[in-house]
Amino acid sequence: ILHTAGLYSFSLIQFEIDTFFRLYSKKEINSVFFRLYSKKTIFVGKDSSMDDKWKALEKYNLWGGNTYQLGLERKSYTDKIGNFVGNNLVKVLIGQRRSGKSYILRQIASSLVSERGVNPANILYINKEYLEFDFIDDYKALESLYRFYREKLKPQGKVYLFFDEIQNVDGWERFVNSHSQDFVEESELFISGSNSKMLSSELATLLSGRYVEFHIFPYSYAEYLQLMQQPAGRASYLAYLQKGGLPELYNLPTVESEKQYVASVKDTILLRDIVKRKPVRDVRLLDDIFIYLVNNASNLFSVQHIVNFFKSKNRKVSYDTLSNYLGYIEEAFLAYKTERYNIKGKDVVAGNCKYYLNDLSFKNFLYPGFAYGVGYLLENAVYLELRRLGYIVYTGSFRDKEVDFVAMKDDRVIYLQATYMLETAQTMEREYAPLLTIGDNYEKYVVSMDEVQFPSNEGVRHIQAWNLKEIL
């Protein structure tokens, strides 16, 4: 109501709500609600009737001829996950909020029915983000609902359980651990979460050898082409760089609505995935650190550099606080830290590092006024493509030169430089020189957006950005 009236933004309302629940205990809140209810003022509560709970399950499951909105088919993920269907391994999807995890879970659930002949009654889907499932506070409530489902539908044989944003259920690990190894009532679990620490050391120990993890990223360039039905090339790649990959962006009609959406995604992640769960005392500082990362992505810097930056703005920030807040931002998948790698010594170097954004929309829609050329967007996009394809990525250093990426996957090592255009002899010299000084025989590439394909230079190959996936 407040937002509709134009009095408050979504982010401010969410912050006030979160603050309210942090300041007051459940006992105090319940006491107030009880007094209001006893005076017939309002009715508030989580004690949904069993009929309401069943209606929620019927609404969001494939029973009775229901179908799902599936969005863009993301075969790069569904095929990979599909290879693990049919065993007791817990399938864990992790990634930033609004990156498409829910759609992928629903695509898998639908494919079980359409491609594998699974009875829809043997599939249970619950998304903890939906208000109808707000009554699921902890693993006991989840177990109770699961029992209710089994009693009502009496599924025969294996049951497929899909739990979206399961980290919002207290003690969810106990439910997953129990049912992943129940050989009497056989089940197969697919779960998603928006925090990289979701698989805590405790859960990893409980599920040792019994889970497989899939990192879900926003749309890739290939998925962008699929969605927009455009050919690969410089024009479409530039359009992709200047927009981003958050799936919902492509359902919005105006630039203004796109800006509002990206701002709401950022605020929701900061407030719900970080402030609500972590000991953050300075929300403004957390937001400012993220802004700093957005406007310095692809640049080398250290934690001390950021401390000094805030000091120059007359803001006192401790090294430990700033380091912790950076860690929280990483855990929420807003940005990724990339360590420096000594190519000659083959070890990680402490000190300066780089950060890359999980999606370019944060830069394109929220902070476009800062100097940030297409070359930086390209470098960030190359990093994300490497990560999507399963590479471990470092920033390379060799003698006094920097290599944008050292990418490792199994026994393969690739060195890559990313630059907007190889327009002049000086630019070519600058970009090729670091790779030419490396004496080993691993693959070496310069990635650019030139429409001309340049010949190999002493073993260093040129690749146009829109063709990058072909060589990875």
Side-chain angles (χ1 to χ4, degrees), residues 92-99 101 165 167 192-201 203-204 213-218 244-246 262 265-307 309-310 317-341 348-363 366-367 376 379-388 390-395 405 407:
V92 183
L93 281 63
I94 60 170
Q96 178 199 293
R97 281 180 185 269
R98 309 295 179 257
S99 58
K101 300 186 298 298
E165 299 298 345
Q167 80 278 353
S192 79
S194 302
N195 192 289
S196 64
K197 298 296 183 183
M198 187 176 139
L199 282 173
S200 63
S201 57
L203 178 63
E213 185 176 288
F214 304 91
H215 190 161
I216 309 301
F217 290 87
L246 293 180
V262 175
V265 170
K266 186 263 293 184
D267 289 343
T268 300
I269 294 170
L270 292 181
L271 293 170
R272 297 181 67 178
D273 292 335
I274 301 179
V275 175
K276 187 177 179 180
R277 301 177 182 280
K278 301 292 185 180
V280 175
R281 301 180 65 181
D282 190 340
V283 179
R284 173 66 183 277
L285 175 62
L286 179 69
D287 192 44
D288 286 344
I289 291 172
F290 179 65
I291 294 172
Y292 183 93
L293 292 183
V294 170
N295 292 303
N296 288 276
S298 307
N299 290 326
L300 275 172
F301 59 83
S302 66
V303 174
Q304 190 59 50
H305 283 137
I306 310 178
V307 172
F309 169 79
F310 283 113
V317 181
S318 75
Y319 184 99
D320 290 342
T321 297
L322 204 146
S323 182
N324 289 336
Y325 285 16
L326 284 170
Y328 302 155
I329 288 170
E330 285 185 78
E331 288 177 25
F333 299 108
L334 278 170
Y336 303 100
K337 180 181 179 180
T338 306
E339 303 278 7
R340 291 179 73 207
Y341 181 81
V348 176
V349 181
N352 290 352
C353 62
K354 288 186 179 184
Y355 280 82
Y356 293 99
L357 306 177
N358 189 55
D359 192 69
L360 296 176
S361 61
F362 296 117
K363 175 60 194 176
L366 299 187
Y367 314 108
Y376 290 103
E379 185 176 333
N380 204 128
V382 170
Y383 171 83
L384 292 174
E385 188 69 3
L386 290 167
R387 289 292 308 274
R388 280 189 192 95
Y391 286 86
I392 299 170
V393 185
Y394 299 96
T395 293
F405 301 113

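The shown structure was predicted, so the numbers you read here are calculated from the model rather than taken from an experiment. All heavy atoms count here, side chains included; hydrogens, waters and symmetry mates do not.
The backbone N or O of Leu270 sits nowhere less than 3.5 Å from a side-chain atom of Lys266 that would complete a donor-acceptor pair. In this structure a side-chain-to-backbone donor-acceptor pair under 3.5 Å is present from Asn324 to Asp320.
Two residues are said to be in side-chain contact when any heavy atoms from C-beta on lie closer than 4.5 Å; Val283 and Leu271 meet this criterion. Side chains of Phe214 and Ser192 form no contact here, defined as non-hydrogen atoms less than 4.5 Å apart. At a threshold of 4.5 Å between non-hydrogen side-chain atoms, the residues Asn358 and Leu334 do not count as touching.
Annotation for Tyr325 and Leu285: closest pair CE2-CD2, 3.8 Å, computed over non-hydrogen atoms. The two residues Val275 and Leu286 make their nearest non-hydrogen contact at CG2-CD2, 3.9 Å. For Phe333 against Gly95, the heavy-atom pair with the smallest separation is CD1-C, 3.4 Å. Of all heavy-atom pairs spanning His305 and Asn352, the tightest one is CE1-OD1, 3.6 Å. Nearest heavy-atom pair, Leu357 versus Ala297, reported as atom, atom and distance to 0.1 Å: CG-CB, 4.1 Å. Considering every non-hydrogen atom in both Lys337 and Cys353, the closest pair reads CE-SG, 3.7 Å.
The salt bridge (Lys or Arg N to Asp or Glu O under 4.0 Å) check on Asp273 picks up Arg97, with sequence neighbours excluded. Under the salt bridge (Lys or Arg N to Asp or Glu O under 4.0 Å) criterion, Glu385 pairs with Arg388, sequence neighbours left out. Legend: residues meeting salt bridge (Lys or Arg N to Asp or Glu O under 4.0 Å) with Lys354, ordered by chain and number and at least two apart, are Glu379, Glu402, Asp404.
Side-chain contact annotation: Lys363 with Asn295, donor-acceptor N/O pair under 3.5 Å present. In this model, a donor atom of one side chain and an acceptor atom of the other lie less than 3.5 Å apart for Ser361 and Asp359.
Remark: Thr338 OG1 to Ile392 CD1 distance equals 12.0 Å, nearest 0.5 Å. One finds the OG1 atom of Thr268 at 11.5 Å from the CD1 atom of Ile274 (value rounded to the nearest 0.5 Å). Note that CD1 of Ile216 and CD1 of Ile94 are 8.5 Å apart. Values are rounded to the nearest 0.5 Å. Atom NZ of Lys278 sits about 12.5 Å away from atom CD1 of Ile329, to the nearest 0.5 Å. To the nearest 0.5 Å, atom CG of residue Leu293 and atom CG of residue Asp288 are 11.0 Å apart. Rounding to the nearest 0.5 angstrom, the gap separating the OH atom in Tyr394 from the OH atom in Tyr341 is 7.5 Å.
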- Message: Test side-chain contact (heavy atoms from CB on, under 4.5 Å) on Tyr355 and Leu326; report intermediate values, then the result.
- Response: CA-CA 10 Å; Tyr355 280 82; Leu326 284 170; 3.9 Å; yes
- Query: For Leu366 and Val294, what are the C-alpha separation, side-chain angles and deciding distance, and is it a side-chain contact (heavy atoms from CB on, under 4.5 Å)?
  - Reply: CA-CA 9 Å; Leu366 299 187; Val294 170; over 6 Å; no
- Item | salt bridge (Lys or Arg N to Asp or Glu O under 4.0 Å) assessment of Asp267 paired with Arg272 | CA-CA 8 Å; Asp267 289 343; Arg272 297 181 67 178; over 6 Å; no
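For the side chain to side chain donor-acceptor pair (under 3.5 Å) criterion with Ser194, the lone passing option out of Glu165, Arg98, Gln96 is Glu165.
Both the sub-6.0 Å distance and the 45° axial angle are satisfied by Arg387 relative to the ring of Tyr336.
Using bins of under 30°, 30° to 60° and over 60° for the plane-to-plane angle, the ring pair Tyr356/Phe405 lands in the tilted bin.
The aromatic ring centroids of Phe301 and Tyr292 lie less than 6.0 Å from each other.
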